Structures are given as C-alpha cells and as structure tokens.
Asks: 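Below is one structure. I have some questions about it.
Indexing begins at 1, ligand by ligand and atom by atom, following the structure's order. All of these numbers come straight from a predicted model, not from anything done at the bench.
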Amino acid sequence: MAPADTRTRIVWDYAPAPESADHVRLRSRYGLFIDGDFRDPVDGVRVDSINPATEEPVAEVAQAGEADLRAAIGAAREAQPRWAALDGLERGKYLFRIARLIQERARELAVVESMDGGKPVRESRDVDVPLAAAHFFHYAGWADKLSFGVGGRPATPLGVAAQIVPWNFPLLMAAWKLAPALACGNTAVLKPAETTPLTALLLAELCQEAELPAGVVQIVPGDGSVGAALVRRPGIDKVAFTGSTVVGKDIQAALAGRGVPLTLELGGKSANIVFEDAALDQAVEGIVNGIFFNQGHVCCAGSRLLVQESVADTVITKLWERMGRLRLGDPLDKNTDVGAINSAEQLARIRALVAAGEEEGASRRSVACELPDRGWWFEPTLFTEVAPAHRIAVEEIFGPVASVLTFRTQAEAIEKANNSTYGLAAGIWTDKGAKAFEVASALQAGVVWQNTYNHFDSSAAFGGYKESGFGREGGPAGLRPYLRVG
Ligand code: NDP
C-alpha cells in the first residue's frame with residue numbers, strides 16, 4: 001500500500017521588501033543639458049515627471065523649444081571635430097569612465113528608473129542598469145578599433161547624431177544610442193521620452209563627472225513635437241529612433257531626400273513558439289519572462305504565444321497557474337514581478353485592445369489581484385481561442401497581455417510566426433537542436449532565442465525586419481550606423 005500523502009500545501013506570503021530611496025540624489029528641478037551644463041530653456045516649458053505608481057511628481061523637468069534645439073545642435077556641431085580628432089584610445093577612456101560611474105551609482109539609477117517609469121526595481125537593478133554599463137564598456141573597447149569593426153575599411157564619423165528614445169527602457173536605450181555614437185567620434189543630441197526623462201538627466205550628470213568635453217552629449221527632454229522638430233532641423237547628420245512604427249514612418253518621410261542616414265528600431269508582435277518536445281516547465285518560465293517582463297512594455301515581447309496543439313492544454317494550465325503567483329504592485333518592492341503601467345495613455349491603449357479581443361470572440365482570463373488605489377495598473381492577462389486575424393494577434397499591445405494561438409506542424413508554426421507585418425524577435429522552445437536551427441533560419445525576425453527569451457548582450461546585434469525597422473544596435477554591427485565607411 002502506498003504511504004499516505006502527508007504533504008501540506010504551503011502558501012507563501014511575502015513581507016514587503018521596499019528598496020529605500022533615501023540615497024537618491026535627485027534635484028527638484030532639471031534644466032536642459034546643453035554644452036556641458038544644465039540650463040533653463042529659452043523657449044521651452046517646464047513640466048513634472050510623474051511616478052506612474054503613485055501619480056505624484058518625481059521632479060520638474062525642462063522641455064526644449066525650437067531655440068533650445070538650435071542651441072543643442074550648435075553645441076554638438078562645435079564640439080564634434082575636436083571629439084573626432086581625439087585619439088580613439090582617449091575617447092574610449094571617457095566611455096570607460098561613464099561605464100564605471102554607472103556602476104558606482106547603480107543603486108540610485110535603478111531606484112530612479114523605477115520611480116519614473118514604474119518598472120519593478122528588481123528589473124531596473126538586474127537588467128537595465130548593468131546592461132547600460134555593459135554597453136558603455138563594450139563600445140569603449142571599440143573606440144580605437146573602428147576600422148576592424150567594419151571589415152578593415154577606413155571609417156570616419158558621420159557628425160552630429162539626433163537620437164530619440166522611448167519610455168520603456170529609458171537609461172538602457174540612451175546607452176544603446178550614445179555609446180556607439182560617441183565611440184565612433186560623433187556628438188549627440190538625445191531626446192528622452194516625455195514620461196521618463198530622469199535617468200537620461202542623471203546620465204548627463206555622469207557625463208559631467210566623467211569630464212566629457214562640453215558639447216559631446218546634449219540631453220533635451222520634450223514631448224513628441226520636440227522629437228519631430230529635432231529630426232527636421234538642419235545641422236544633423238544622422239538620426240536614430242526607437243519607438244512606434246507610426247512615428248518611425250513619419251521620421252522616415254521627414255528625412256526623405258535629405259541624405260541623413262537613419263536607423264529605426266520599431267514595434268513588434270513577436271512569436272514565442274513552444275513545440276511538443278520542449279521542456280514545458282522551463283518554457284512556461286520563458287513565456288512569463290517573455291511577456292510579463294517590464295509589464296510587457298517591451299518591443300520584442302513574446303506577445304504571440306504559438307503552442308503545438310498536442311501540448312496546448314498542458315502549457316495553458318501550467319502558465320495560468322504560474323501567472324497566479326506573479327506579484328503585482330509597488331515597483332520599489334524587491335518582490336514585485338509586475339509594476340505600474342507607464343502612463344494613463346498607455347493604460348487606455350491596453351484596455352482598448354483587450355476590449356477588442358473580447359469583442360472579437362477570444363477568451364480572456366486575467367489574474368485576480370488587488371490593484372493599488374492610485375497609479376496605473378493592468379492585471380496579467382491571457383487570451384485563448386485567438387484567431388490570427390484578431391487585433392490582439394496582429395497589433396502591438398505593449399502591456400502584460402499574451403495571445404495564445406495553436407499549430408499542428410512545424411511548417412504551420414513558421415507560417416503563423418511570419419504572418420505579421422513586424423519582424424523583430426522570436427522564441428523557439430524545443431529539445432531538438434536541428435529543429436531549432438531549421439525553424440530559426442525560416443523565421444523573419446532580427447533576433448531568435450532558443451530555449452530562453454528576452455536575453456540581451458552588449459556584444460550581440462539587435463534590430464528588426466519589415467515594419468520593425470532597420471539598422472542594428474549592439475556589438476560590432478552597432479558601429480556601422482554611426483560611421484562613413486570608405
Ligand atoms: P512613440 O513612438 O510616440 O514614442 C517614442 C519616442 O518618440 C518618444 O521619445 C516620443 O516622445 C517621440 N516622438 C513622438 N512623436 C514623435 C514624432 N512625430 N517625431 C519624433 N519623435 C516623436 O511611442 P508612444 O510613446 O506613443 O507609444 C505608442 C505605442 O508605440 C506603444 O503602445 C507601443 O505599441 C509602441 N512603442 C514601441 C516601442 C519600441 O521600443 N518598439 C517603444 C515605445 C512605444 P514622447 O514620449 O514625448 O511622446
């Protein structure tokens with residue numbers, strides 16, 4: 001006779017583990033960072049940057065006007081020839097300094113990132129900040145080896161780079177843009193997103209601390225109209241943009257005929273494909289990381305979950321059970337898995353698409369969790385019975401919402417995965433190496449992960465196909481967009 005099951009079910013309760021914000025050295029007001037100093041806007045305005053978890057202001061920030069943009073581009077132009085003329089080793093030293101200063105102030109940067117943007121501090125601390133430092137370290141090493149990065153051909157900088165970054169990875173995206181541009185001898189004018197300007201402004205302080213020559217980096221916060229004005233101004237030699245496909249197309253149209261090189265890192269609707277031979281528990285962890293990391297505010301989020309029909313019920317059951325253990329709440333609590341939605345506008349977009357999913361007939365389930373009284377939140381949500389034509393299977397939701405589709409054969413999985421206007425990333429879960437390589441080479445996606453998801457490395461290129469954009473960031477491929485190659 002089998003022994004009686006004496007196990008009792010343990011319900012884990014977590015005591016709050018809030019990260020302290022006492023060590024944060026935030027000013028109450030920030031100016032524009034132009035020509036090595038913070039200054040008041042000439043014709044811009046001042047607005048509060050709001051904490052999405054509390055709806056309280058974090059700090060007041062200046063936004064640039066036309067005259068400010070002119071000054072920023074002027075300072076960048078003035079500084080560029082001297083910066084480019086520095087020996088590569090010298091430029092590299094500045095980047096190494098910035099990288100080390102990011103590490104020194106890592107805790108503070110992580111806390112501010114979570115206060116300003118709403119992401120769990122565990123993610124800011126373990127992903128955003130270390131990866132930002134890694135990008136500066138990586139490109140510091142390239143600064144004196146540029147021609148090796150482009151096949152031994154002569155390489156010169158383009159000039160002044162105008163760079164626009166979104167709100168989902170504010171510090172990391174600033175690092176992705178600034179580190180290669182500077183390593184190559186360009187100077188930069190960077191516009192952070194309206195809702196998350198603070199860590200870029202702290203990065204400006206680090207540039208001062210590193211004694212980076214004045215004019216090499218300008219940080220000019222502002223809304224979309226400031227970004228639109230920046231790319232239309234004369235005096236820029238390169239534009240790099242990360243954000244939505246619709247704005248990417250607008251920028252491309254604005255640059256048409258001007259001969260200004262452009263890189264676009266745009267949206268996605270990435271397929272995360274689970275084959276029946278995968279290690280399913282491991283796959284479920286990867287699915288969770290793929291779609292609930294940073295509340296799903298991730299361009300390469302695994303938002304289309306393609307599961308082989310034979311294991312679909314098992315995967316959905318395991319996933320739903322795992323979703324029930326996600327902790328949503330205070331981004332500064334180290335136990336939090338899902339933080340706040342970045343803005344009221346983004347929350348409205350998520351709600352509209354989720355409502356469309358229900359109206360079109362997909363089956364919705366959302367984790368029952370207590371939402372805080374203030375701030376912007378959305379429960380982790382799973383849609384099943386999704387048809388390929390449903391809006392939730394086609395459009396980027398950019399929130400903690402996964403849409404499950406099923407497939408029977410490998411060919412069908414590939415066809416469904418490629419059935420998208422986007423082509424940013426994909427995941428493949430299988431224990432057959434040959435199958436993973438075969439599927440990966442048939443997928444129209446810039447990044448394909450095997451048995452993992454949302455893994456980033458400063459030495460690996462990242463970028464898209466189709467409406468996910470063009471150009472690559474990271475690794476030696478990330479040098480090319482900032483160089484004129486002979
Ligand atoms: P946007 O593309 O509007 O924002 C990205 C950046 O571009 C921000 O700095 C923004 O400024 C700026 N910007 C806005 N309009 C213009 C313009 N006409 N010319 C130049 N720059 C501009 O994305 P949203 O913030 O509006 O998000 C909308 C949707 O875009 C999301 O729901 C998501 O689907 C997608 N998205 C994709 C991202 C990605 O990494 N692929 C990142 C962010 C969003 P400001 O913030 O001040 O408006």
Asks: Quick one: which of I251, V239, V247, V165 has a heavy atom closest to atom 17 (C) of ligand 1?
Replies: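 Selected option, by shortest heavy-atom distance: V247.
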
Asks: For ligand 1, does L230 get within less than 4.0 Å through its side chain, its backbone, both, or neither, judged by non-hydrogen atoms?
Replies: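 For L230, there is no contact with ligand 1 at all, from either part.
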
Asks: What do you think, any protein heavy atom under 4.0 angstrom from atom 9 (O) of ligand 1?
Replies: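 Protein heavy atom within 4.0 Å of atom 9 (O) of ligand 1: present.
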
Asks: Within a strict 4.5 Å, meaning less than it, do heavy atoms of the N419 and V394 side chains meet?
Replies: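 Of all side-chain heavy-atom pairs linking V394 with N419, none is under 4.5 Å.
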
Asks: Kindly say whether Q346 contributes a backbone atom to a donor-acceptor pair with the side chain of S343 at under 3.5 angstrom?
Replies: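 It does hold such a pair.
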
Asks: Any luck finding a side-chain donor-acceptor pair between K177 and T242 under 3.5 Å?
Replies: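 Yes, because at least one side-chain N or O of K177 sits under 3.5 Å from a partner of the opposite role on T242.
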
Asks: Of the protein's non-hydrogen atoms, which lies at the shortest distance from atom 43 (C) of ligand 1, and what is that distance?
Replies: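 Heavy-atom neighbour on the protein nearest atom 43 (C) of ligand 1: P166 CB, 3.5 Å.
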
Asks: Would R391 and E395 pass as an ion pair if we require N to O under 4.0 Å?
Replies: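 E395 and R391: salt-bridged.
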
Asks: Distance under 4.0 Å to a non-hydrogen atom of G267: what atoms of ligand 1 satisfy this?
Replies: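 Per the distance check, 41 (N).
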
Asks: S244 to ligand 1: N or O pair under 3.5 Å?
Replies: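 Yes, at least one N or O pair falls under 3.5 Å.
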
Asks: Counting only heavy atoms, tell me which of R232, M173, R349, Q163 gets closest to atom 26 (O) of ligand 1.
Replies: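 The residue whose heavy atom sits nearest atom 26 (O) of ligand 1 is R349.
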
Asks: Any donor-acceptor pair under 3.5 Å linking the side chain of D330 with the backbone of L332?
Replies: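 Side chain of D330 to backbone of L332, a donor-acceptor pair under 3.5 Å: yes, one is there.
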
Asks: For C299, is at least one N or O under 3.5 Å away from an N or O on ligand 1?
Replies: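 No.
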
Asks: Look at atom 48 (O) of ligand 1 and say which protein heavy atom is nearest, naming residue and atom and giving the distance to 0.1 Å.
Replies: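 Sorting protein heavy atoms by distance from atom 48 (O) of ligand 1 puts G224 N, 3.5 Å first.
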
Asks: My understanding is that only residues two or more places apart in sequence, or in another chain, count here; which of them pass ring pair (Phe, Tyr, Trp, His ring centres under 6.0 Å) with F378?
Replies: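 With neighbours one apart ignored, the set is empty.
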
Asks: Below 4.0 Å from ligand 1: does a non-hydrogen atom of G248 turn up there or not?
Replies: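 For ligand 1, residue contact (heavy atoms, under 4.0 Å) with G248 is absent.
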
Asks: Which residue owns the protein heavy atom closest to atom 12 (C) of ligand 1, what's the atom, and how far is it?
Replies: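 Looking only at protein heavy atoms, the one closest to atom 12 (C) of ligand 1 is I164 CG2, 3.8 Å.
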
Asks: Which of the atoms in ligand 1, numbered in the order shown and given with their element, are less than 4.0 Å from a heavy-atom of G227?
Replies: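 Ligand 1 atoms under the 4.0 Å threshold to G227: 19 (N), 20 (C), 21 (N).
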
Asks: Spell out, as yes or no, whether a donor-acceptor pair under 3.5 Å connects the side chain of R304 to the backbone of V404.
Replies: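 It does not hold such a pair.
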
Asks: Parallel, tilted or perpendicular: which describes the rings of Y94 and W83, with under 30° parallel and over 60° perpendicular?
Replies: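 Tilted.
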
Asks: Between F241, F398, F169, W167, flag the one that comes closest to atom 38 (C) of ligand 1 by a heavy atom.
Replies: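 Answer by nearest heavy atom: F398.
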
Asks: Answer yes or no: is there a donor N or O on one side and an acceptor on the other, between the side chain of S49 and the main chain of A59, under 3.5 Å?
Replies: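 It does not hold such a pair.
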
Asks: What are the atoms of ligand 1, with element, lying closer than 4.0 Å to any heavy atom of A193?
Replies: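 Answer, ordered by atom number: 9 (O), 46 (O).
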
Asks: Check ligand 1 against D250 and write out every atom of the ligand that is under 4.0 Å from a heavy-atom position of the residue.
Replies: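 By the 4.0 Å cutoff, the relevant atoms are 18 (N).
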
Asks: Looking at atom 11 (O) of ligand 1, what's its closest protein heavy atom, distance included?
Replies: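 I find the closest protein heavy atom is K191 NZ, 3.0 Å.
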
Asks: Can you find a non-hydrogen atom of V231 under 4.0 Å from ligand 1?
Replies: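 Contact absent.
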
Asks: In the protein, which heavy atom is nearest to atom 34 (O) of ligand 1, and how far is it?
Replies: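 The answer is E396 OE1, 2.8 Å.
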
Asks: Is there a side-chain contact between I428 and N451 (heavy atoms, below 4.5 Å)?
Replies: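 No, every pair of side-chain atoms sits at 4.5 Å or beyond.
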
Asks: May I ask you to list the atoms of ligand 1 that are less than 4.0 angstrom from any heavy atom of T242?
Replies: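 In order of numbering, the contacting atoms are 5 (C), 40 (O).
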
Asks: Heavy atom under 4.0 Å from ligand 1: found in E194's side chain, backbone, both, or neither?
Replies: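 The answer is both.
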
Asks: Going by side chain to side chain donor-acceptor pair (under 3.5 Å), name the pairs with one or both residues in residues 244-254, residues two or more places apart or in two chains.
Replies: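 Applying side chain to side chain donor-acceptor pair (under 3.5 Å) to every pair that reaches into residues 244-254, excluding sequence neighbours, yields R232-D250, K249-E467.
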
Asks: Would you say Q80's side chain and G185's backbone share a donor-acceptor pair under 3.5 angstrom?
Replies: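 Pair found, side chain donor or acceptor close to backbone of G185.
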
Asks: Using the ring of each side chain (for Trp, its six-membered ring), is F33 parallel, tilted or perpendicular to F38, with breaks at 30° and 60°?
Replies: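 It falls in the tilted class, 30° to 60°.
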
Asks: Select one of side chain, backbone, both or neither to describe which atoms of Q346 lie under 4.0 Å from any atom of ligand 1, heavy atoms only.
Replies: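 The answer is the side chain of Q346.
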
